[in-house]
S.K.: 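My questions all concern the structure below.
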Amino acid sequence: MSTQPHIGVLREKSLHAAVKRWYSEPEDELEATVDGYVVDIVREDAELVEIQTRSFAPLKTKLRKLTREHRVRLVHPIPALKWIVRIDENGEILGRRKSPKRGRAEHVFEELVSIPDLIPLPTFTLEVCMIEEEEVRLYDGKGSWRHPEWRSHDRILVAVVEQRRFHGAEDFLDFLPGAETLPRPFTNRELATASGQRLNLTGKITYCLRKMGVLGVVGKKGNAQLLQECECLAAEPAAVLLK
């Protein structure tokens, strides 16, 4: 294991750096090399903590190899509350407003579709970190086709609101509403109605749960698949809510 400086630190965005500092403890090693990979935090008890603020897809190979020999915790921050801060090219603040969008823990499935097969591994833990953040947008004419004047420049941690840690596949069944709200078996559309989530997101939720082995297809309703929890699992799994 090596602690030589890594070029990735120089490219590190504010949110990633702030979350890493928030999680780090006095005896931790930061940006240490383990089995050829640079890891954000290496704990004294040998747990590896990786912070990922965006897509999980680039981490697939890294996580699969590290979990063979090490305990790995993947931390993913989701903005429960977001402030939009607009600045000009000189860094002067032009305005600050609260975004109407609210992140929820379920939004982790947007990224989890890349690695659902890792969840059942005893060496892997996923932690969702609900945060308040500022998204800094720069007015420089280099934005997207939809908003060409503005582009996302940085994300800044304001506060950590809540942490939820998932130790295994069964914990994720906590995202399914109870039988009084959602019939068993159910379709993706029925799950979307019962949970108030977009149909696209509920499709990702059920895909992940099927890949984890905790949800199965038991029939069809018209052209839609009927889904139900696997009978071998405990009736009331729950994720760990951290203080």
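All of these numbers come straight from a predicted model, not from anything done at the bench.
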S.K.: So, for Ser99 and Ile84, which heavy atoms are closest and what is the spacing to 0.1 Å?
M.R.: CB-CG1, 4.1 Å
S.K.: Just verifying a value: how many Å separate Lys13 NZ and Ile156 CD1, rounded to the nearest 0.5 Å?
M.R.: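 The CD1 atom of Ile156 is 10.5 Å from NZ of Lys13, to the nearest 0.5 Å.
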S.K.: Using side-chain heavy atoms (C-beta onward) and a distance below 4.5 Å, is Arg104 in contact with Arg102?
M.R.: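 Side chain of Arg104 against side chain of Arg102, heavy atoms only: no contact under 4.5 Å found.
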S.K.: Looking only at non-hydrogen atoms, find the nearest pair between Val128 and Ile78 and report the distance.
M.R.: CG1-CD1, 3.8 Å
S.K.: Search all heavy atoms of Gly103 against all heavy atoms of Met130 and return the closest pair with its distance.
M.R.: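 Closest approach of Gly103 to Met130, heavy atoms only: O-CE, 3.4 Å.
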S.K.: Pair Ile115, Leu59 - check side chain to side chain contact (heavy atoms under 4.5 Å, CB included), show working.
M.R.: CA-CA 9 Å; Ile115 56 168; Leu59 294 180; over 6 Å; no
S.K.: Please determine if Arg164 and Asp171 form a salt bridge, counting it only when a charged side-chain N lies under 4.0 Å from a carboxylate O.
M.R.: no
S.K.: I'd like to know if the side chain of His16 reaches the main chain of Ile51, judged simply by a donor and an acceptor atom lying under 3.5 Å from each other, with no hydrogens or angles considered.
M.R.: yes
S.K.: Please identify each residue that fulfils side-chain contact (heavy atoms from CB on, under 4.5 Å) with Arg71, with sequence neighbours left out.
M.R.: Asp45, Glu47
S.K.: Between His76 and Gln52 (side chain of the first, backbone of the second, donor and acceptor by atom type, cut-off under 3.5 Å), is there such a pair?
M.R.: yes
S.K.: Can you check whether Leu81's main-chain N or O pairs, donor with acceptor, with Lys98's side chain at less than 3.5 Å?
M.R.: no
S.K.: When you compare the side chain of Cys208 with that of Val113, does any pair of heavy atoms fall below 4.5 Å?
M.R.: yes
S.K.: Evaluate the side-chain proximity of Leu191 to Pro177: yes if any heavy-atom separation is below 4.5 Å, no if none is.
M.R.: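 Yes, their side chains come closer than 4.5 Å.
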S.K.: Does any non-hydrogen side-chain atom of Leu176 lie less than 4.5 Å from one of Leu209?
M.R.: yes
S.K.: Just how far is it from atom CZ of Arg198 to atom CD of Glu106, taken to the nearest 0.5 Å?
M.R.: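 Answer for the CZ-CD pair, Arg198 versus Glu106, is 11.0 Å.
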S.K.: Suppose we screen for side-chain contact (heavy atoms from CB on, under 4.5 Å). Which residues come up paired with Asp28, at least two apart in sequence or across chains?
M.R.: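 So Asp28 forms a side-chain contact (heavy atoms from CB on, under 4.5 Å) with Ser24, Glu25, Leu30, Ile41, Arg43.
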S.K.: Looking only at heavy atoms, which two atoms of Pro79 and Arg155 are closest? And how far apart?
M.R.: CD-NH2, 4.0 Å
S.K.: How many angstroms lie between NE2 in His153 and CD in Glu89, if you round to the nearest 0.5 Å?
M.R.: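 Reported to 0.5 Å precision, the distance equals 11.0 Å.
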S.K.: Could you work out, with ring-ring contact (aromatic ring centres under 6.0 Å, His included) as the rule, every residue matching Phe124, not counting sequence neighbours?
M.R.: none
S.K.: Scan residues 183-206 for pairs that pass ring pair (Phe, Tyr, Trp, His ring centres under 6.0 Å), counting only residues two or more places apart or in two chains.
M.R.: none
S.K.: Between Glu50 and Tyr37, is there a side-chain donor-acceptor contact under 3.5 Å, judged purely by atom types and distance?
M.R.: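 Distance-only check fails for Tyr37 and Glu50.
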S.K.: Indicate yes or no: at least one non-hydrogen side-chain atom of Val161 is less than 4.5 angstrom from one of Ile131.
M.R.: no
S.K.: For a 4.5 angstrom cut-off between non-hydrogen side-chain atoms, does Gln197 reach Phe175?
M.R.: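 Answer no - side chains too far apart.
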S.K.: Which atom names give the shortest non-hydrogen contact between Asp88 and Asn90, and what distance separates them?
M.R.: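 Closest approach of Asp88 to Asn90: OD1-N, 2.9 Å.
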S.K.: Is there a path of hydrophobic side-chain contacts, each under 4.5 Å between heavy atoms of I, L, V, M, F, W or Y residues, that connects Val160 with Val75?
M.R.: yes
S.K.: CG/Leu121 to CZ/Arg68 distance, rounded to the nearest 0.5 angstrom?
M.R.: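 Rounded to the nearest 0.5 Å, the CG-CZ separation comes out at 10.5 Å.
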S.K.: Can you measure from CG (Asp35) to NZ (Lys65) and round to the nearest 0.5 angstrom?
M.R.: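 Answer rounded to 0.5 Å: 10.0 Å.
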S.K.: Any side-chain heavy atom of Phe172 within less than 4.5 Å of one from Leu112?
M.R.: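 Result yes, sub-4.5 Å side-chain heavy-atom pair found.
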S.K.: Is it the case that atom CZ in Arg96 sees more than 12 heavy atoms from other parts of the structure closer than 6.0 Å?
M.R.: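 More than 12 heavy atoms, drawn from other residues, nucleotides or ligands, come within 6.0 Å of this atom.
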S.K.: Sub-3.5 Å donor-acceptor pair from the side chain of Thr67 to the main-chain atoms of Thr123, do we have one?
M.R.: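 No, Thr67 side chain to Thr123 backbone: no donor-acceptor pair under 3.5 Å.
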S.K.: Is any side-chain heavy atom of Leu118 less than 4.5 Å from a side-chain heavy atom of Val72?
M.R.: no
S.K.: Let me confirm one number: the NZ-CZ distance from Lys62 to Phe56, rounded to the nearest 0.5 Å.
M.R.: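 Reported value, rounded in 0.5 Å steps: 13.0 Å.
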S.K.: Please name all residues satisfying side-chain contact (heavy atoms from CB on, under 4.5 Å) with Thr193, sequence neighbours left out, ordered by chain then number.
M.R.: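 Once residues adjacent in sequence are excluded, Thr193 has no partner under the side-chain contact (heavy atoms from CB on, under 4.5 Å) criterion.
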S.K.: For residues 210-226, which side-chain donor-acceptor pairs fall under 3.5 Å, sequence neighbours excluded?
M.R.:
residue	atom	partner	partner atom	Å
Arg210	NH1	Gln225	OE1	3.1
Lys221	NZ	Glu190	OE2	2.7

S.K.: Locate the shortest heavy-atom distance separating Leu48 from Val39; write the atom from each residue and the value.
M.R.: CB-CG1, 3.9 Å
